[in-house]
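Single-structure report; data block below.
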Amino acid sequence: MSPSSSVPILTIDGPSGSGKGTISRLVAEKLGWRLLDSGALYRAVGYAAGMEGLDLSDAEAVTRCAQTTKIRFQAATDGSDTRVLVNGHDATDELRTETAGAAASAIASIPSVRQALVEMQLGFRKAPGLVADGRDMGTVIFPDAPFKVFLTASAAERAKRRYKQLKEKGLSVTLATLQREIEARDARDASRTVAPLKPAADAVFIDTTGMGIDIVVAKVLAVAQS
Ligand code: DC
C-alpha cells in the first residue's frame with residue numbers, strides 16, 4: 001500500500017454543466033482539501049495539440065503531445081480562479097471555451113492520451129485530502145476512493161447554466177446551440193470504450209436539476225462526512 005492511499009478522496013464525476021466544477025471547488029474549500037480539475041488536463045492537451053497544428057484524430061501525435069505538454073495549476077493570489085499554465089503560457093481563458101471543451105472531449109477518447117495523464121492525476125493525492133472532479137475519477141483513476149458522488153442535471157438545465165456562465169464572460173452563444181453541443185459531448189463521453197462517463201457502482205447519485213448550489217454543496221459534504 002503506498003503512503004498516499006491513506007489520503008481520503010472525494011470523487012465528483014458527472015457530465016458537463018452538472019455543476020461539478022463549482023461544487024468541487026466549494027467542497028474542497030470547506031474541507032480544506034486539494035482540488036483536481038481533471039477536465040482542465042484534457043482541455044490543456046487539446047489546446048496544446050491545436051497550437052501545434054495537430055490533427056486531433058492522429059492518436060500517435062496527440063499522445064506524444066499529452067506526454068510532453070507541461071501543465072501547471074497556479075493559485076491566484078487575489079482570490080480569483082486558479083490559473084492554468086500550458087507550456088508556460090497562461091491559457092486559463094482559452095481553456096474555458098466550448099471549442100476547448102469539444103477538443104478535450106475528442107482527444108479524451110484516445111486511450112493512450114488518457115494513459116499519459118494517469119500519473120499526473122494520481123500525484124494530486126496528498127494530505128489532508130483530495131476532491132477530484134471529472135468523468136472517471138471514481139471508476140478508473142481513484143476506484144478506491146472512500147467517498148464518491150455522481151452529479152447530473154437535465155440537458156436543458158445544464159445548457160441554461162452554461163449559457164449564463166458564458167454570457168457573464170461576454171461570450172456570444174445561443175441556448176439551442178449549447179444544448180445541442182452538450183448532448184453531443186455527453187453522447188461521445190458516455191459511448192467511448194475507455195473510461196466512459198458513468199457512475200461508479202458505489203457512487204451517491206445526485207440529480208441537481210432545480211437545486212441551488214448551497215443545497216448541492218451540503219449534500220456532497222454529507223457524503224464526505226459520512
Ligand atoms: O469537465 P470538462 O468539461 O472540463 O471536461 C472537458 C472534456 O474532457 C470532457 O468533455 C471529457 C474530457 N474529460 C474526460 O474524458 N475525463 C475526465 N476525467 C475529465 C474530462
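Sequence positions, counted from 1, serve as the residue numbers for this chain. For ligands, and for the atoms within them, numbers begin at 1 and follow the listed sequence.
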Side-chain donor/acceptor pairs under 3.5 Å, residues 104-116, sequence neighbours excluded:
unit_1	atom_1	unit_2	atom_2	d
Ser105	OG	Arg188	NE	2.9
Ser105	OG	Arg188	NH2	3.2
Ser105	OG	Asp189	OD1	3.0
Ser109	OG	Ala106	O	2.8
Ser112	OG	Thr63	OG1	2.8
Arg114	NH1	Ala108	O	2.9
Arg114	NH2	Tyr42	OH	3.3
Arg114	NH2	Asp136	OD2	2.9

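The 4.0 Å heavy-atom shell around ligand 1 contains residues Lys20, Ser38, Gly39, Tyr42, Arg43, Ala104, Ser105, Ala108, Arg114, Gly134, Arg135, Asp136, Met137, Arg185, Asp189, Arg192, ordered by chain and number.
Taking each heavy atom of Asp90 and Leu85 in turn, the nearest pair found is CA-CD2, 3.5 Å.
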### Task
Would you check, one step at a time, whether the test salt bridge (charged side-chain N to carboxylate O under 4.0 Å, His left out) holds for Asp37 with Arg43?
CA-CA 10 Å; Asp37 172 5; Arg43 286 172 186 260; over 6 Å; no

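With no hydrogens or angles considered, no side-chain donor-acceptor pair links Arg64 and Gln67 at under 3.5 Å.
Proximity of a side-chain donor or acceptor of Thr208 to a complementary backbone N or O of Thr152 within less than 3.5 Å is detected.
Heavy atoms from other residues, nucleotides or ligands lying under 6.0 Å from CE of Met51 number 12 at most.
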